[in-house]
Amino acid sequence: MTVAKRPGWFIILVSVLIVWGLAGCAAFYAHVAYGPAIDPHATDWDRAYFAALPGWFTWDYAAAVGAGLLGSIALLARSKVAGPLYILSLVAVVIQFGYVFFATDMLAHKGAAMTVPFPLFIIAMAVLQVWLAGYARDRNWVS
């Protein structure tokens, strides 16, 4: 199979997705290394919430951001592994925010306007990544 030439917009978009993945990894590092201590405005509730997170949550967060970044790198490198990595990232993101919104009192305590928009954006980005990997596969931009 011949790998087709990719348009410039695609390479730019994937490069932006790599930066997005790096930002996610930085946020993960801050979560693990500092927790709520990184926020000077953290409340007692924030500290209790963080302390109550189950151990698997950190691993899920790592899978979400790690698979997303590796998927973007794979897509830039023309690898078809990008699709499965992006799917893993999307599943991990849904698990992560599913827990946050349905198994904790985050919404009741902070309110939807404060907590929902950015997670929705993160989920939309993960869906975009899955779609983009399929789009690239269908055009023979990956092998």
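The structure presented is a predicted model; accordingly, all values stated were derived computationally and were not measured.
- Pairing each heavy atom of Ala67 with each of Leu88, the nearest pair is CB-CD2, 3.8 Å.
- Trp59 CH2: 12 or fewer foreign heavy atoms inside a 6.0 Å radius.
- Residues Gly35 and Phe50 share a closest heavy-atom pair of CA-CZ, 3.5 Å.
- For the residue pair Ala82 and Ala133, the shortest heavy atom distance occurs at C-CB, 4.3 Å.
- For residues 7-24, no pair satisfies side chain to side chain donor-acceptor pair (under 3.5 Å), with sequence neighbours left out.
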Exercise. Go through the steps for Tyr61 and Val32 under the test side-chain contact (heavy atoms from CB on, under 4.5 Å), then give the verdict.
Key: CA-CA 10 Å; Tyr61 193 169; Val32 171; over 6 Å; no

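- Using a distance-only test at 3.5 Å, with no hydrogens or angles considered, a donor-acceptor pair links the side chain of Arg47 to the main chain of Ala42.
- Under the 4.5 Å side-chain contact rule for hydrophobic residues, Leu70 and Ile122 do not share a cluster.
- Every residue meeting the salt bridge (charged side-chain N to carboxylate O under 4.0 Å, His left out) condition with Asp46, not counting sequence neighbours, appears here in chain and number order: Lys110.
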Self-check item: Steps toward side-chain contact (heavy atoms from CB on, under 4.5 Å) verdict (Leu107, Phe102)
Solution: CA-CA 9 Å; Leu107 282 174; Phe102 299 113; 6.0 Å; no

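- Using a 4.5 Å heavy-atom cutoff, the side chains of Tyr34 and Asp39 are not in contact.
- Rounded to the nearest 0.5 angstrom, Leu13 CG and Leu128 CG are separated by 6.0 Å.
- Using a 4.5 Å cut-off on side-chain heavy atoms (C-beta onward), Thr58 and Leu53 make no contact.
- Using a 4.5 Å heavy-atom cutoff, the side chains of Phe10 and Leu75 are in contact.
- Residue Phe97 is grouped with residue Ile87 when hydrophobic side chains (ILVMFWY) are merged at heavy-atom distances under 4.5 angstrom, including chains of intermediate members.
- Note on Val93 and Met106: same hydrophobic cluster, where clusters join Ile, Leu, Val, Met, Phe, Trp and Tyr whose side-chain heavy atoms are under 4.5 Å apart, directly or indirectly.
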Self-check item: Verdict with reasoning, Gln129 to Leu17, per side-chain contact (heavy atoms from CB on, under 4.5 Å)
Solution: CA-CA 8 Å; Gln129 290 172 316; Leu17 291 176; 4.0 Å; yes

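- With Tyr86 contributing its side chain and Ser72 its backbone, the two residues share a donor-acceptor pair below 3.5 Å.
- Ring pair Tyr49/His109: centre-to-centre distance not below 6.0 Å.
- When all heavy atoms of Ile38 and Pro40 are compared, the pair lying nearest together is O-CD, 3.4 Å.
- Using a 4.5 Å cut-off between side-chain heavy atoms of Ile, Leu, Val, Met, Phe, Trp and Tyr, with links allowed through other members, Val19 and Met125 fall into different hydrophobic clusters.
- Put simply, the side chain of Leu132 reaches to within 4.5 Å of the side chain of Val14, judged on heavy atoms.
- Between the Arg139 side chain and the Lys5 main chain, no donor and acceptor come within less than 3.5 Å of each other.
- In this structure a side-chain-to-backbone donor-acceptor pair under 3.5 Å is present from Ser89 to Ala64.
- Applying the ring pair (Phe, Tyr, Trp, His ring centres under 6.0 Å) criterion to Tyr29, with sequence neighbours excluded, gives no partner residue.
- Dense packing is recorded around CZ of Phe101, with more than 12 heavy atoms of other residues, nucleotides or ligands lying under 6.0 Å away.
- Taking 4.5 Å as the limit, every side-chain heavy atom of Asp60 sits out of range of all side-chain heavy atoms of Tyr99.
- Between His31 and Phe57, some side-chain heavy-atom pair lies under the 4.5 Å cut-off.
- Annotation: cation-pi geometry not satisfied between Arg137 and Tyr135 (NZ/CZ under 6.0 angstrom from ring centroid, within 45° of ring axis).
- The nearest pair of heavy atoms linking Ile11 to Leu76 is CG2-CD1, 4.1 Å.
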Practice problem: Test side-chain contact (heavy atoms from CB on, under 4.5 Å) on Ile18 and Leu69 and set out the steps. | Solution: CA-CA 6 Å; Ile18 290 173; Leu69 176 59; 4.1 Å; yes

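- In the hydrophobic cluster analysis, where Ile, Leu, Val, Met, Phe, Trp and Tyr join through side-chain heavy atoms closer than 4.5 angstrom, Val100 is grouped apart from Met114.
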